[in-house]
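Computed from heavy atoms alone, side chains included, the values below leave out hydrogens, waters and symmetry copies.
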Amino acid sequence: MTDPKAQLDELITIYLNGGSTFDSFQRDYSRILIDDAVDADFSMDEIDYYGDVHEKAEWTAEDLLEEERAVGWIDESQFREWLQAHVRSR
């Protein structure tokens, strides 16, 4: 089995380099984090780091209403910017 952390990092890199769509990234990232990472040896910091990406992606959509933005939803371009900053802060 491939290391889930390496798979998640690769998905992030591919997405940030324009190699996948947001929908594809979110689907694959969630599958690995939820299904494959259960038995992985994640530190608390890694759980926070990878979990933050998953949570932020879950609050991302296009064509948002003002009310949705007011409660924390972001669009895909904002997610990409957030993810770039999140990766740099690691």
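- Looking at Phe79 and Phe25, their side chains come closer than 4.5 Å, going by heavy atoms from C-beta outward.
- Below 30°, between 30° and 60°, or above 60°: for His86 and Trp82 the angle between ring planes is below 30°, a parallel geometry.
- Side chains of Asp28 and Tyr15: a donor-acceptor N/O pair is absent below 3.5 angstrom, by distance only.
- Side-chain contact annotation: Asp75 with Ser77, donor-acceptor N/O pair under 3.5 Å present.
- In terms of heavy atoms, Val71 sits closest to Trp59 at O-CZ3, 3.6 Å.
- Residues Asp45 and Arg90 are not paired through a salt bridge, judged by the lack of any N-O separation under 4.0 Å between the basic side chain and the carboxylate.
- When all heavy atoms of Ser30 and Glu58 are compared, the closest pair comes out as OG-OE2, 3.7 Å.
- In the hydrophobic cluster analysis, where Ile, Leu, Val, Met, Phe, Trp and Tyr join through side-chain heavy atoms closer than 4.5 angstrom, Ile47 is grouped together with Leu8.
- Listed for the Glu68 side chain is a donor-acceptor partner under 3.5 Å among the backbone atoms of Leu65.
- Residue Glu55 qualifies as open at atom CD: its count of foreign heavy atoms under 6.0 Å is 12 or below.
- Side-chain contact between Lys5 and Glu10 is absent, with no heavy atoms from C-beta onward closer than 4.5 Å.
- Both Val87 and Tyr29 belong to a common hydrophobic cluster when Ile, Leu, Val, Met, Phe, Trp and Tyr are linked at side-chain heavy-atom distances under 4.5 angstrom.
- Atom CD1 of Ile32 and atom NE2 of His54 lie 11.5 Å apart (nearest 0.5 Å).
- Between the side chain of Gln84 and the main chain of Leu16, no donor-acceptor pair closer than 3.5 Å is present.
- Taking CZ of Arg69 as the reference point, atom CH2 of Trp73 lies at 11.5 Å (rounded to 0.5 Å).
- Side chains of Gln7 and Arg31: no donor on one and acceptor on the other come within 3.5 Å.
- Thr21 has its side chain out of reach of Gln26: every pair of non-hydrogen atoms, C-beta onward, lies at least 4.5 Å apart.
- The structure places CG of Leu83 at 9.0 Å from OG1 of Thr13, a figure rounded to the nearest 0.5 Å.
- Under a 3.5 Å cut-off, the side chain of Ser24 and the backbone N or O of Ser20 do not form any donor-acceptor pair.
- With a 4.5 Å cut-off on side-chain heavy atoms, Thr60 and Phe22 count as touching.
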